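Here is the structure we will look at.
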2 protein chains.
Amino acid sequence: MIKLAERIVNVGMIGFGTVGGGTAKLLTDNAEIIRDRADTRIKIKRIYDKKESWAKERAVSMGLSPELFTDSVDNIIAADDIDVVVEVIGGIEPAMTYIKTAIIHGKSVVTANKDLMASFGEELLAAAEAVGVDLFFEASVAGGIPIIKAIKESLAANHFHKVMGIVNGTTNYILSEMAASGADFDVCLAQAQALGYAEANPTNDIDGLDAARKMAILASLAFNSRITADMVYVEGIKNITKWDIAYANELGYTIKLLGIAKDYEDSIEVRVHPVMISSSHPLATVNDAFNAVFVEADALGKAMFLGRGAGEMPTASAIVGDIISAGKHIVHNLGGQTSCSYFKNKRIRDIKEVECKYYLRLMVADRTMVLAHIADAIGRRDVSLDTVIQKRSVGDLAELVLITHEVKEDSMLQAIKDLNNLAVVDDVVSVIRVDDSDN
Amino acid sequence: MIKLAERIVNVGMIGFGTVGGGTAKLLTDNAEIIRDRADTRIKIKRIYDKKESWAKERAVSMGLSPELFTDSVDNIIAADDIDVVVEVIGGIEPAMTYIKTAIIHGKSVVTANKDLMASFGEELLAAAEAVGVDLFFEASVAGGIPIIKAIKESLAANHFHKVMGIVNGTTNYILSEMAASGADFDVCLAQAQALGYAEANPTNDIDGLDAARKMAILASLAFNSRITADMVYVEGIKNITKWDIAYANELGYTIKLLGIAKDYEDSIEVRVHPVMISSSHPLATVNDAFNAVFVEADALGKAMFLGRGAGEMPTASAIVGDIISAGKHIVHNLGGQTSCSYFKNKRIRDIKEVECKYYLRLMVADRTMVLAHIADAIGRRDVSLDTVIQKRSVGDLAELVLITHEVKEDSMLQAIKDLNNLAVVDDVVSVIRVDDSDN
């Protein structure tokens, strides 16, 4: 029953770190099932890694020949006997030059590089389209979750209204831990670092930059507009306290670092920041280092994709899935099917235009009529109150938790400035956006 | 920026009921975005429906010409000017003959027909592969959720260990309603019928037959073995009572009608029946008419896909996604990429070989030593107890709820027979399998 095409697909790997090693391991360990499913043999033909001696040791430990290593990347990106180039070194340069060169030499490219795709995706996709090769990047967003192919192919008949994602595992682990243990941010960050979920310098994750890159990629695909990482409004999770998590919980909400992208008639909104979502929302139950992408589209309705967003093998699953797709095209002489489909290019909304509810936590004077003063002050900025709860007393001060009705960010920022100028308000301690639009 | 290929993809539709109408509506309403994304115009060229006058009226109401209708299906399946045939009449015949004829005439086929794919999928896929056309069936399982393409393409590098699914929206609605309202099965079934979620004759859904077909399709793809609907062990939800749901909840479980497929070294297990799963399992939170498929694979790890499993537009989303894929292949002269990949064909395990925990609800004599008798009787069959709770008294009898440790179904069936023969046991009222293997 097994038919084996004569043709072998030769893979050249650039980078042999965690993800590169996982990719090689998966191609080796699952070679038989991959060959049977793809009707094709996929073979690692050549490997380039700057830290060659370290990488070689690892390759040998998984049964690969040290002879596969080359000390010149040109032997991969410009070599006649390489069909698919796998780029897993990350970062902008030299990755971009390598990928462009490989494309010019007629090679299909598989990359996990979110930084690159989030900033230069349009350019690279156009280059691949012009030559007629594939450029696949499933692993660049949400690890093993096949969300990119789903948006580009399976759901291509839909207008997407909204894409919401938990696309950074580190911050989701920290927030889940804070909620489960009641501990503060610093404690849970240290724990994430001890477990290897967070890096020694955790800025990229906790400040939301990593999530912003992934949301730029997802929003570009869903809305067919060029959205680069620098167009995404970003706030991280450093200012989330255990008190906010506890009060959110009391009010039926869960705090997540969400990427939210919405499509409007004339514009697009893309932002990454902490959000209080209803605890009954499917995204609220996504815990630990899991990722999830929730989409809303006109025909499909609401759907969610959940899985491991990082790690050696989940990422390798996405990369090898892409290699198989590219390999099938090559073996069957189908040519690439890359298309650079940023044909809408709508305007990106400024964060000040965004409308949502807000959670505010304030320390105020502990006396009568305070709430009346506050309601009056923010009312002048068109902000009205949905929920008010008085919490702890701290010394002379009382803690007040407010949830507003929907209002434009612009008005809210002015209202917060006014609150800080009120004599009865000591401090506006926390401001968190609330999204219960799916309820 | 918009490039429009010269070529138009001509679609012939067989069937213009709910799903067929939805497909036409989506192709019409979203024609522009589909053309831009596919670089191709997809056009409904001809429609065949037995109830022509009714279907014509509907087509006209959505702006389609009544001239599109033909009174001979041959004008679609054997016509030179049709590229893609969409079959949405359901059932085995005449759908199978139509599809085979279309394939022989070199047409790619898109179908939503789970009955057909679950019984004759291998035959039809082989026919499509031989001719070199596409046969796509994303809509046959879990409506709009793109699970089939995910398993076949994106996750093709993985060995799948397990596929678990809530793949029938009707039964999920009924069980969710029973849990939410505390009402009994009959009441919630009537409600589902009133809302149009359940048919007047609900057998297909509530007896698990519909879910069995979908699990046959999913398991065949995941495990690369031919699994037809009749190989799937099936039990429906008719015997689930509000008491079982309440006790499950008390014990931290939720009752769902699950399809469970597992891969073993030498064999495969595929079954559909009510299951008590941990309430913290992602599948436990899938409510109402939603569907979800949970997979576990060696590289990917655990992942879940959630969305609407039925309905006019979610199903149309899957069908049009498939039409776009088939259309792209045709326009770029790529030929079909169907492969019939049932190369493993492992043995299917008998339900008696399955091992799991069991929940039992018994009415027993309300006196001392009863539990000792019960434990002794089932112990002789290698069944041991994990949890025992005494619940209500009903007349002279006491209600006993037991959860066993893992045991083979064969032993459990014998133990239940023995229990029914015990003088102290009035009746074994409920037996429900428990799956907490993911915890």
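Only heavy atoms go into these numbers, but all of them, side chains included; no hydrogens, no water, no symmetry mates. Proteins get letters first, then strands, A, B, ... in listed order; numbering begins at 1 in each. Computed from a predicted model, the values in this text were never measured in an experiment.
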Worksheet item: Heavy-atom count around B/K43 NZ within 6.0 Å, excluding the residue itself: above 12?
Response: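 Count not over threshold, so no.
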Item to complete: Under 4.5 Å heavy-atom distance to chain A, tell me which part of B/L26 shows up: side chain, backbone, both or neither.
Response: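 When you check distances to chain A, only side chain atoms of B/L26 fall under 4.5 Å.
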Worksheet item: Does any non-hydrogen side-chain atom of B/I33 lie less than 4.5 Å from one of A/N224?
Response: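 A side-chain contact exists here, since the closest heavy-atom pair is under 4.5 Å.
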Worksheet item: With a 4.5 Å limit on heavy-atom distance, are the side chains of A/S317 and B/L155 in contact?
Response: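 Contact flag for A/S317/B/L155 side chains = yes.
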Worksheet item: From B/M313 CE over to A/D298 CG, what is the distance, rounded to the nearest 0.5 angstrom?
Response: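 Between atom CE of B/M313 and atom CG of A/D298 there are 7.0 Å.
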Practice prompt. Look up atom CE in B/M304 and atom CE in A/M304, then write down how far apart they are to the nearest 0.5 Å.
Written response: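 B/M304 atom CE to A/M304 atom CE measures 5.0 Å (nearest 0.5 Å).
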Where does [X] contact chain B at under 4.5 Å (heavy atoms): side chain, backbone, both or neither?
X      : result
A/K25  : neither
A/F290 : side chain
A/A156 : both
A/I324 : side chain

Practice prompt. Using a heavy-atom cutoff of under 4.5 Å, enumerate the residues of residues 158-167 of chain B that contact chain A, numbered in order, or state 'none'.
Written response: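 Residues B/N158, B/H159, B/F160 are the ones that qualify, each having a heavy atom under 4.5 Å from chain A.
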Worksheet item: Which heavy-atom pair separates A/S154 from B/K149 by the least distance, and what is that distance?
Response: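 What the structure gives for the nearest pair is OG-CD, 3.4 Å.
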Worksheet item: Which of the residues B/P146, B/G144, B/G143 is involved in the greatest number of heavy-atom pairs with chain A at under 4.5 angstrom?
Response: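 Option with the greatest count: B/P146.
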Worksheet item: Among B/I34, B/N30, B/V320, B/N291, which residue forms the greatest number of heavy-atom pairs with chain A at distances under 4.5 Å?
Response: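 Most heavy-atom pairs within the cutoff with chain A belong to B/N30.
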Discussion item. Out of A/E138, A/E153, A/H329, return the one with the most heavy atom pairs under 4.5 angstrom to chain B.
Written reply: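 Among the listed options, the one with the most contacts to chain B is A/E153.
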Worksheet item: Pick from A/G321, A/G307, A/P314: which one has the most heavy-atom pairs with chain B under 4.5 Å?
Response: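 When all of A/G321, A/G307, A/P314 are compared, A/P314 has the most.
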